[in-house]
Chemist: 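What follows is a single structure, and I will ask about it in a moment.
Nothing here was measured: the structure is a model prediction, and the numbers come from that model. Order of the sequence lines sets the chain letters (A, B, ...), proteins ahead of strands, with each chain counted from 1.
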Amino acid sequence: MDLHRRHRWDLTPKEAVALQQELRAEVVTDRPLDLAGVRLVAGVDVSVKENVSQAAVVVATFPGFETIEVARAVRPTPFPYVPGLLSFREGPVLEEAFGKLTVEPDVFVFDGSGYAHPRRIGIACHMGLWLGRPTIGCSKTRLTGRHDEVPPEKGAWAPLLDKDEVVGAALRTRASTSPVFVSPGHLIDLASAIDIVMACSPKYRLPQPIRLAHNAAGAFEPGPDLFGRSTDPDRP
DNA sequence: GCGACAG
DNA sequence: ATCTTGTCGC
């Protein structure tokens, strides 16, 4: 891991913004990442239970999505939720989980934004700097930017524009459901990020790595409830 | 000053 | 994120 990018996390919101301004220059979002070379993908997510955050990083084969490793970490939640500063809330517990990995995933998919951020350094970019590995941001809702209506077919997408700059894409990973928001994290470009997220979404709205991480983080239990309805947010 | 605002 | 019941559509 790249120790040079480590830094303290106990900052005030104001200091956190200043740090983001420093780190944004280090983020690389113009590098293609060939799908054909991907063997292992990791999903990253954090669940919060009463001041306690639990992180889960699930490494799975690609394609096939067989889990080969799960790294977890539990810590008191250190920072409030502030739009634009999510990495300062989830970063510490994620670092601990990342430190437990014994394999090196080819790409990490985050439940959150990457470059599609007001200062162009969402959690996927920030943690990508720490990991020194390719990362992708994939959120369920929009943090910043606007986009035209996305065609209804699976795979269709529309550029996410913020201040006349393409910062990501609204991507239809599944027909008849709202699009997800994809943006480069670090060491990858937007086109490659879109390709990978689509390749990771054979059936559900959210890419498989994120679903696996979501489960491992304890956000929801799988299987139908007592009424025969699905408990899975991404299964109608 | 008024909205918008990942998880 | 988490809380929380039923309901609508493919």
Chemist: Please check this pair: side chain of His186(A) against backbone of Pro134(A), looking for a donor-acceptor N/O pair closer than 3.5 Å.
Modeler: no
Chemist: Checking all strands, does Gly137(A) fall into the base, sugar-phosphate, or nothing category for heavy-atom contacts under 4.0 angstrom?
Modeler: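 Nothing, no heavy atom under 4.0 Å.
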Chemist: Hydrophobic clustering (ILVMFWY, side-chain heavy atoms < 4.5 Å, transitive) - are Leu171(A) and Val107(A) grouped together?
Modeler: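 Yes, because Val107(A) and Leu171(A) connect within a single hydrophobic cluster, where side-chain heavy atoms sit under 4.5 Å apart.
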Chemist: Which whole-number value in Å describes the distance from Leu94(A) CG to dG7(B) P?
Modeler: 14 Å
Chemist: Between Lys49(A) and dT2(C), is there a side-chain N or O to OP1/OP2 distance below 4.0 Å?
Modeler: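 No, outside the criterion.
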Chemist: Would you mind reading off the distance between Glu153(A) atom CD and dC10(C) atom P, rounded to a whole angstrom?
Modeler: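 It is 16 Å, rounded to the nearest whole Å.
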Chemist: Could you go over nucleotides 2-5 of chain B and give all protein N or O partners under 3.5 Å, atom names and distances?
Modeler:
residue: dC5(B); atom: OP1; partner: Arg142(A); partner atom: NH2; Å: 2.0

Chemist: What nucleotide, of dA1(C), dC10(C), dC3(C), holds the atom closest to the side chain of His214(A)?
Modeler: dA1(C)
Chemist: Stem ranges for DNA chain C, with three or more consecutive Watson-Crick or G-U pairs under 3.5 Å?
Modeler: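 Ordered by first number, the stems with DNA chain C amount to none, as no run of 3 pairs exists.
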Chemist: According to a hydrophobic-cluster definition based on side-chain heavy atoms being under 4.5 Å apart (Ile, Leu, Val, Met, Phe, Trp, Tyr only), do Leu129(A) and Val167(A) belong together?
Modeler: no
Chemist: Return the orientation label for the Phe79(A) and Phe88(A) ring planes: parallel under 30°, perpendicular over 60°, tilted otherwise.
Modeler: tilted
Chemist: What's Glu90(A) touching, base or sugar-phosphate or nothing? Going by heavy atoms closer than 4.0 Å.
Modeler: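 Sugar-phosphate contact only - Glu90(A) comes under 4.0 Å of backbone atoms but never of a base.
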Chemist: Inspect the contact between Glu95(A) and Arg6(A) and indicate whether a charged nitrogen and a carboxylate oxygen are less than 4.0 angstrom apart.
Modeler: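 Looking at Glu95(A) together with Arg6(A), the answer is yes, because their closest N to O distance falls below 4.0 Å.
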